[in-house]
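The structure appears below as structure tokens.
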Amino acid sequence: MENSYTYLTTEELAGRIKYDCRTIRQCLKDTVLLEGKHYIKPFGRRKILFLWEEVEKEMLDGAREHELLAIPMANGVVCHG
């Protein structure tokens, strides 16, 4: 079965995840968002296209992992160990 992806430019991704384009380029690209997994450079060019489904999965997995590190306290607050 063939995968179908939604390809987004940096500007389109920024709009979806409510981050500044500069933050995506300077802080997330190549640290959290990896070439070949979260984005591609089609035809060997400079243009970057993000794979929305992979970026979304990364965000959700990161949120779930963060929840696993939370320790509920008796007073109702959560300790993020």
Side-chain angles (χ1 to χ4, degrees):
M1 185 174 189
E2 188 175 316
N3 285 339
S4 179
Y5 290 105
T6 304
Y7 300 100
L8 301 175
T9 64
T10 305
E11 292 77 14
E12 291 168 331
L13 178 63
R16 283 203 185 190
I17 66 172
K18 312 302 186 226
Y19 273 73
D20 188 83
C21 291
R22 198 171 339 144
T23 302
I24 293 171
R25 287 188 198 104
Q26 294 176 355
C27 299
L28 299 178
K29 189 174 122 341
D30 297 326
T31 57
V32 176
L33 303 176
L34 306 174
E35 185 173 2
K37 180 176 181 183
H38 302 106
Y39 73 89
I40 60 170
K41 294 180 179 179
F43 314 112
R45 301 293 201 158
R46 290 183 49 169
K47 185 163 191 78
I48 294 172
L49 293 176
F50 290 91
L51 309 173
W52 170 244
E53 291 76 10
E54 295 298 324
V55 172
E56 185 177 46
K57 182 179 182 303
E58 186 70 35
M59 289 190 315
L60 294 173
D61 288 350
R64 286 186 195 108
E65 184 177 300
H66 182 71
E67 288 173 5
L68 293 175
L69 298 174
I71 303 166
M73 306 299 284
N75 63 359
V77 298
V78 177
C79 175
H80 296 282

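If you're wondering where the values come from, they're calculated on a predicted model, not measured in any experiment.
Transitive grouping of hydrophobic side chains (ILVMFWY, heavy atoms separated by less than 4.5 Å) brings Leu8 and Ile17 into a common cluster. Under a hydrophobic clustering in which Ile, Leu, Val, Met, Phe, Trp and Tyr are joined whenever their side-chain heavy atoms come within less than 4.5 Å, directly or via other members, Ile24 and Met59 fall into the same cluster. Cluster membership for Leu49 and Leu28, using ILVMFWY side-chain heavy atoms within less than 4.5 angstrom, is not shared.
Nearest heavy-atom pair, Val55 versus His38, reported as atom, atom and distance to 0.1 Å: CG2-O, 3.9 Å. Heavy-atom minimum distance, Ile40 versus Leu51: CG2-CD1, 4.4 Å.
Between the side chain of Gln26 and the main chain of Thr23, no donor-acceptor pair closer than 3.5 Å is present. The backbone N or O of Cys27 lies less than 3.5 Å from a partner atom in the side chain of Thr31, making a donor-acceptor pair. Side chain of Lys18 to main chain of Gly15: a donor-acceptor pair is present (N/O by atom type, distance under 3.5 Å, no hydrogens or angles).
Tested against Phe50, the residues Tyr5, Tyr19, Tyr39 include a single ring pair (Phe, Tyr, Trp, His ring centres under 6.0 Å) partner, Tyr39.
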Give the intermediate values and the outcome of salt bridge (charged side-chain N to carboxylate O under 4.0 Å, His left out) for residues Arg22 and Glu11.
CA-CA 10 Å; Arg22 198 171 339 144; Glu11 292 77 14; over 6 Å; no
The test is side chain to side chain contact (heavy atoms under 4.5 Å, CB included); show your working for Ile48 and Lys29 and say whether it passes.
CA-CA 10 Å; Ile48 294 172; Lys29 189 174 122 341; 3.3 Å; yes
Run the side chain to side chain contact (heavy atoms under 4.5 Å, CB included) check on Lys41 and Glu35 step by step: do they pass?
CA-CA 8 Å; Lys41 294 180 179 179; Glu35 185 173 2; 3.7 Å; yes
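How far CD of Glu56 is from CG of Asp61: 10.5 Å, rounded to the nearest 0.5 Å.
Contact check for Lys47 versus Thr9: side-chain heavy atoms found under the 4.5 Å cut-off.
Looking at Lys37 and Glu53, no side-chain N of the basic residue comes within less than 4.0 Å of a carboxylate O on the acidic one, giving no salt bridge.
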